[in-house]
Amino acid sequence: MVKASDHMGFSARRLLQEAPWVGTEATCGQVAQMFQDDPTLPAIVVLADKGARIPAGLADRNTFLLHFAQRYGRDLYTKRPVLHLGDRKPLLVSLEADLAEISDRISREKPDALHRGFILVDEKGAYAGIGLGIDVMRLTAERTAQTLEQLRSTQRELIQSEKMAALGGLVAGVAHEINTPLGVAVTAVTAFAQETQKFREAYQSGKLRRNDLEEYVQSAGEALGFVQGNITRAADLVQAFKQVAVDQTSDLPRQFDLGEYVGEVLRSLVPRLRRSPHWLDTYLPAGVQVYSAPGAIAQIITNLVMNALTHAFGSQQGVIAIRLSDGPHPDLLQLIISDDGCGIPADDLPHIFDPFFTTKRDQGGTGLGLHVVYNLVTQRLRGRIDVESTPGKGTRFQVTFPRQLPRE
């Protein structure tokens, strides 16, 4: 059983299982006997330094006994050191590691840890216990389910607040959207659990073949890929929701030079622009002083530029222009972000600010980017945003907002 407690969060401590250990001098025969004496034992840890409890290897039950019984033969190799058949380079995971970090390390460094398991160590690198891949996937599904419940709880709270009542539909949409990656993740875990049961039955019946082990490890890797990808997608949805739902007044207004600040924001986007064939054309006059919300302005610019990079050009080279100018009234400014790309179809144009409207859903788009922009412009900056677009000629977003927010 996985040891868990609420205060542990989603760290490696929730995966902690005790497992016996042996020194490097232990023989394969001795370890095989330990497995036979305890049929529930998933693995045995090999320590290089018993006093400091420094791990040297891991003998997981299925792989070790499969090789011991079928590949080498008991009589010939029973007296060989345990590391002859054990994993000499097991994955070592800190007890404080986050669930996402564990999944990432398994995927990048040691996919077969899903089958073999991994060793948990304390801050000094000493052996603390073991973790199993199936528990990583169960905990990932549990975390996603908890996130969904938190979203539903937030929905109930928002509905009770008149100020945020308009976001009720957005929260419901997020809950609906997150069900898809959650369903895929749960399906992957369930399927892998079934594969694990088949693998266990084959082993217990003595009919386990090398091909069965290889197929099981491959299945484990595929299941982790499905779970990781869909949990990441769910996390992105939650983060996008937070950007809309969190009270924007947390971004305190201040006095600053708008042209200089927009230039700083655009410089932060240079690494992303360098990976594309497109370039920026800017007109940002100095000396335009505003008392406004810099965080909201930064997010608006970032989202509109990223939206252009994602949707405007396809494989063609293009230009994204950013212009800062006076507005139709002395108290107003205009920030215009335009492109010379493919434009927006007339039927889509009325819906681009709707939550979850996207033409890139098959490529992972959520449809929240422009909705976030709309809310920041109208609520935080107390302005308005207009869009003009001609298919084949490009798109122009015009953000009009006051130079001075009310000083409260």
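Cation-pi contact between Arg407 and Tyr291: present, with separation from the ring centre below 6.0 Å and deviation from the ring axis of at most 45°.
Put simply, the residue from Lys198, Gln204, Gln197 that forms a side-chain hydrogen bond (donor to acceptor under 3.5 Å, both in side chains) with Glu201 is Gln197. When the options Leu405, Leu381, Asp257, Leu333 are evaluated for a side chain to side chain contact (heavy atoms under 4.5 Å, CB included) with Val290, the one that passes is Leu333.
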Step-by-step side chain to side chain contact (heavy atoms under 4.5 Å, CB included) determination, Leu370 to Val387: CA-CA 11 Å; Leu370 290 181; Val387 58; over 6 Å; no
Trace of the salt bridge (charged side-chain N to carboxylate O under 4.0 Å, His left out) decision for Arg143 with Asp98: CA-CA 12 Å; Arg143 185 176 193 174; Asp98 180 73; 3.5 Å; yes
Side chain to side chain contact (heavy atoms under 4.5 Å, CB included) between Val262 and Leu324, intermediate numbers included: CA-CA 9 Å; Val262 172; Leu324 175 61; 5.5 Å; no
Test log, rule side chain to side chain contact (heavy atoms under 4.5 Å, CB included), inputs Ser11 and Leu99: CA-CA 6 Å; Ser11 71; Leu99 177 61; over 6 Å; no
Intermediate values then yes/no, salt bridge (charged side-chain N to carboxylate O under 4.0 Å, His left out), Arg108 and Asp104: CA-CA 6 Å; Arg108 290 187 297 103; Asp104 182 64; 2.7 Å; yes
Side chain to side chain contact (heavy atoms under 4.5 Å, CB included) evaluation trace for Phe64 with Cys28: CA-CA 9 Å; Phe64 185 92; Cys28 293; 3.9 Å; yes
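Applying the side-chain hydrogen bond (donor to acceptor under 3.5 Å, both in side chains) criterion to Lys393, with sequence neighbours excluded, gives no partner residue. The salt bridge (charged side-chain N to carboxylate O under 4.0 Å, His left out) search around Arg200 returns none, not counting sequence neighbours. Taking Val93 as the reference, Ala12, Leu91, Ala97, Ile102, Arg105, Phe118, Leu120 meet the side chain to side chain contact (heavy atoms under 4.5 Å, CB included) condition, with sequence neighbours excluded.
For the 3.5 Å distance criterion, the side chains of Gln33 and Asp37 qualify, holding a donor opposite an acceptor. Asp60 and Thr63 are linked by a side-chain donor-acceptor pair at a separation below 3.5 angstrom, with hydrogens and angles left out of the test.
Residues Ala141 and Val189 approach most closely at CB-CG2, 4.5 Å, considering heavy atoms. Contact between Ala56 and Leu83 at its shortest, heavy atoms only, is O-CD2, 4.0 Å. Here the closest heavy-atom approach between residue Ala308 and residue Asp339 is recorded as CB-OD2, 4.1 Å. When all heavy atoms of Gly295 and Tyr261 are compared, the pair lying nearest together is N-OH, 4.0 Å. Residues Pro55 and Gly125 approach most closely at CD-O, 3.5 Å, considering heavy atoms. Of all heavy-atom pairs between Phe35 and Arg61, the closest is O-NH2, 2.9 Å.
The CG atom of Asp112 sits 6.5 Å away from atom CG of Asp87, with the distance rounded to the nearest 0.5 Å. For the atom pair CD1 (Ile301) and CD (Gln299), the distance works out to 11.0 Å, reported to the nearest 0.5 Å. Note that CE of Met137 and CD of Glu142 are 14.5 Å apart. Values are rounded to the nearest 0.5 Å. Atom-to-atom distance recorded for Ser292:OG and Ile297:CD1 is 4.0 Å, nearest 0.5 angstrom. For the atom pair Ser219 OG and Glu214 CD, the distance stands at 13.5 Å (nearest 0.5 Å). Between the CG atom of Leu213 and the CD atom of Gln218 there is a distance of 12.0 Å, given to the nearest 0.5 Å.
Ring centroid separation for the pair Tyr216 and Tyr203 does not come in under the 6.0 Å cut-off.
Between Arg210 and Glu215 there is no salt bridge, since none of the side-chain N atoms of the basic residue sits less than 4.0 Å from a carboxylate O of the acidic one. The existence of a salt bridge linking Lys50 and Glu25 is confirmed by a sub-4.0 Å separation between a basic side-chain nitrogen and an acidic carboxylate oxygen. Asp281 and Arg323 are joined by a salt bridge, as a carboxylate oxygen and a charged side-chain nitrogen come within less than 4.0 angstrom of each other.
A donor-acceptor pair under 3.5 Å is formed between the side chain of Ser389 and the backbone N or O of Gly394. Using modelled atom types, one side-chain atom of Asp122 and one backbone atom of Ala126 make a donor-acceptor pair closer than 3.5 Å.
Side-chain contact between Thr24 and Leu47 is absent, with no heavy-atom pair separated by less than 4.5 Å. In this structure the side chain of Glu388 never reaches within 4.5 angstrom of the side chain of Thr395, judged on heavy atoms. Between Arg382 and Pro406 the shortest side-chain heavy-atom distance falls below 4.5 Å.
Counting non-hydrogen atoms of other residues, nucleotides and ligands closer than 6.0 Å to CZ of Arg254 gives a total above 12. Shown here is Asn211, whose CG atom has more than 12 heavy atoms of other residues, nucleotides or ligands within 6.0 Å. Counted within 6.0 Å of OH on Tyr127, heavy atoms from surrounding residues, nucleotides or ligands total more than 12; the atom is thus considered enclosed.
Ring geometry for Tyr374 versus Phe353: interplanar angle of 30 to 60°, hence tilted.
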